[in-house]
Amino acid sequence: MALPPQSTSSETITIGLLGAGNVGAQVAKTLVEERELISARVGTPVRLLGVAVRDPEAPRDWRIPGELLTTDAEALVDRSDLVIELIGGMEPASALIERALRRGAAVVTGNKALLASRGAALNAIAAETGALLRFEASVGGAIPILRPIEESLSGDRITKVMGIVNGTTNYVLDQMDTTGAAFDDALEEAQKLGYAEADPTADVAGLDAAAKAAILGTLAFHAPFSFDDVYCEGITEVTRDDIEAAAASGYVVKLLAIAEKHTRNQAPGVVLRVHPTLLPRTHPLASVRGAFNAVFVVAENAGELMFYGQGAGGRPTSSAIMGDVVAVARRLRTPVPEAPTISREVHLPPLPLDKATTQYYIDMEVADREGVIAEIARVLADHHVSIESMRQPGSVTVEGEVEDSDNGAKVQVVTHLATEKDLRETVEELRGLDVVKTVNSVLRVEVEK
Ligand code: HSE
């Protein structure tokens, strides 16, 4: 399919859009219908040169004028001053972005999976050719979070970033918590609402959040982290019982992406982790409902900050894309030397999960007899794990056992800060105790900053 002739004015910034899914169609609509406004914001005319798609006939949220559609993505890239990549996934997105950067074209993308695995390489190409690469939409949809971290907080030291960055899992956990919905029903609903990835395994297994954790960590700590540096646990093991027990103790279960600097008693580094987490209902992140996202940032001087908004969906995500388009187009109009996106503070390596310290919630079924609590407390003390609270929510009858002597009791322990290693050894020993019938769940708790 032929492309329309290139821009008539040498002043005009030409834009090539790759992909026309939910977000792409909305971006195309804005670039066509709001062209004057966007041009005024940039200070130079901008023009959507073409939209590269696999199937020009596919139905779309907005009917893209036929003369803009092309199947030749490479030709479009080669004719554009600014390329917006919204194809997603690894290939051909990666090769097309690289092609654009190598010829010095600016690139705006929301491709979190690609950035989490090839972000450092793409940034290096951009640095080499002087091309601009922006990806605000890759984390938190509409929420302006990357630019505040990169620019507004660049004179401070961030110590921790903790976010609800996957709308699908937040929706599922929220539905389970507030309506008692079953996991599968809530997930199906999230898919219908258009929040989930094409393969929702990426959402529920935590992979989408892990990619976002790598991007957040990279910008917050000025070190190039990748997807492989993130410990990742999804929500598939979270049960209704966990959620109910958490609620009874004043907690809510959230899937958090955490990047935290550790400096005490060890070589400094950053632990990146994604896992279901208990949050006190009073924590600002606990109020994030439905498919909304929020990122909580702690910096030495700024203190605590929270950024909240819609983390998915065509229109919200297109807002972040268009913000990057305007910012980048302004820079194309008046070039200034680009500061490094990743300044090389490589003295902050990724640390293994064992180095993380957090609080833990342990839910056990134990024998209901004297000395049990003392025995459990001894095991925790032996591993230097201190108890913050212990709860015995009432005796339960073990299925199939009716005699008093065989009845069990539930015990729920919340620990003070402990290392992952101490906790793991503690749980192993608890599982081996005669008095512990089962350890139902072990969940991390975030209370302190
Ligand atoms: N599947 C993602 C989510 C889409 O549920 O948040 C936004 O990245």
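The first residue in the sequence is number 1, and the count goes up from there. Bear in mind that the values here come from a model prediction, so they are computed numbers and not experimental data. Hydrogens, waters and symmetry mates are skipped; everything else that's a heavy atom, side chains included, is used. One-based numbering, in listed order, for ligands and for the atoms of each.
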Asks: For Asn293 and ligand 1, does the shortest N/O to N/O distance drop below 3.5 Å?
Replies: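 No, there is no polar N/O contact under 3.5 Å.
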Asks: When Asp177 is tested against each of Arg281, Arg240, Lys254 for salt bridge (Lys or Arg N to Asp or Glu O under 4.0 Å), which residue passes?
Replies: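 Of the listed options, the one satisfying the test is Arg281.
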Asks: What atoms in ligand 1 come closer than 4.0 Å to a heavy atom of Ala312?
Replies: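 This gives 4 (C), 7 (C) as the contact atoms.
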Asks: Please state which protein non-hydrogen atom is closest to atom 2 (C) of ligand 1 and give its distance, to 0.1 Å?
Replies: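 Result for atom 2 (C) of ligand 1: Glu197 OE2, 3.1 Å.
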Asks: Between Asp61 and Lys29, is the closest basic N to carboxylate O distance under 4.0 Å?
Replies: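 Asp61 and Lys29: not salt-bridged.
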Asks: For Glu36, is the CD atom crowded, meaning more than 12 foreign heavy atoms sit under 6.0 Å from it?
Replies: no
Asks: Please work out whether any backbone atom (N, CA, C, O) or any side-chain heavy atom from C-beta onward of Thr317 is under 4.0 Å from ligand 1, and answer side chain, backbone, both or neither.
Replies: neither
Asks: In terms of atom number and element, which parts of ligand 1 are under 4.0 angstrom from non-hydrogen atoms of Gly311?
Replies: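 Every atom of ligand 1 under 4.0 Å from some heavy atom of Gly311: 7 (C).
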Asks: For the side chain to side chain contact (heavy atoms under 4.5 Å, CB included) test, which of Val108, Leu146, Ile143 pairs with Glu136?
Replies: Leu146
Asks: Within the structure provided, determine whether Phe183 and Val204 are in side-chain contact (heavy-atom separation under 4.5 Å).
Replies: yes
Asks: Would you call Gly141 a ligand 1 contact, heavy-atom distance under 4.0 Å?
Replies: no
Asks: Any side-chain donor paired with an acceptor under 3.5 Å for Thr239 and Asp241?
Replies: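 The answer is no; no qualifying pair exists.
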Asks: At less than 4.0 angstrom from any non-hydrogen atom of Asp203, what atoms of ligand 1 do you find?
Replies: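 Near Asp203, meaning under 4.0 Å from one of its heavy atoms, ligand 1 has 1 (N), 2 (C), 3 (C), 5 (O).
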Asks: Starting from atom 6 (O) of ligand 1, find the nearest protein heavy-atom neighbour and note its residue, name and distance.
Replies: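 Answer for atom 6 (O) of ligand 1: Gly167 N, 2.7 Å.
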Asks: Using atom types as modelled and distance alone, determine if a side-chain donor or acceptor of Arg315 lies under 3.5 Å from a backbone N or O of Gly313.
Replies: no
Asks: Relative to the heavy atoms of Thr168, which atoms of ligand 1 are at a distance of less than 4.0 Å?
Replies: 1 (N), 3 (C), 5 (O)
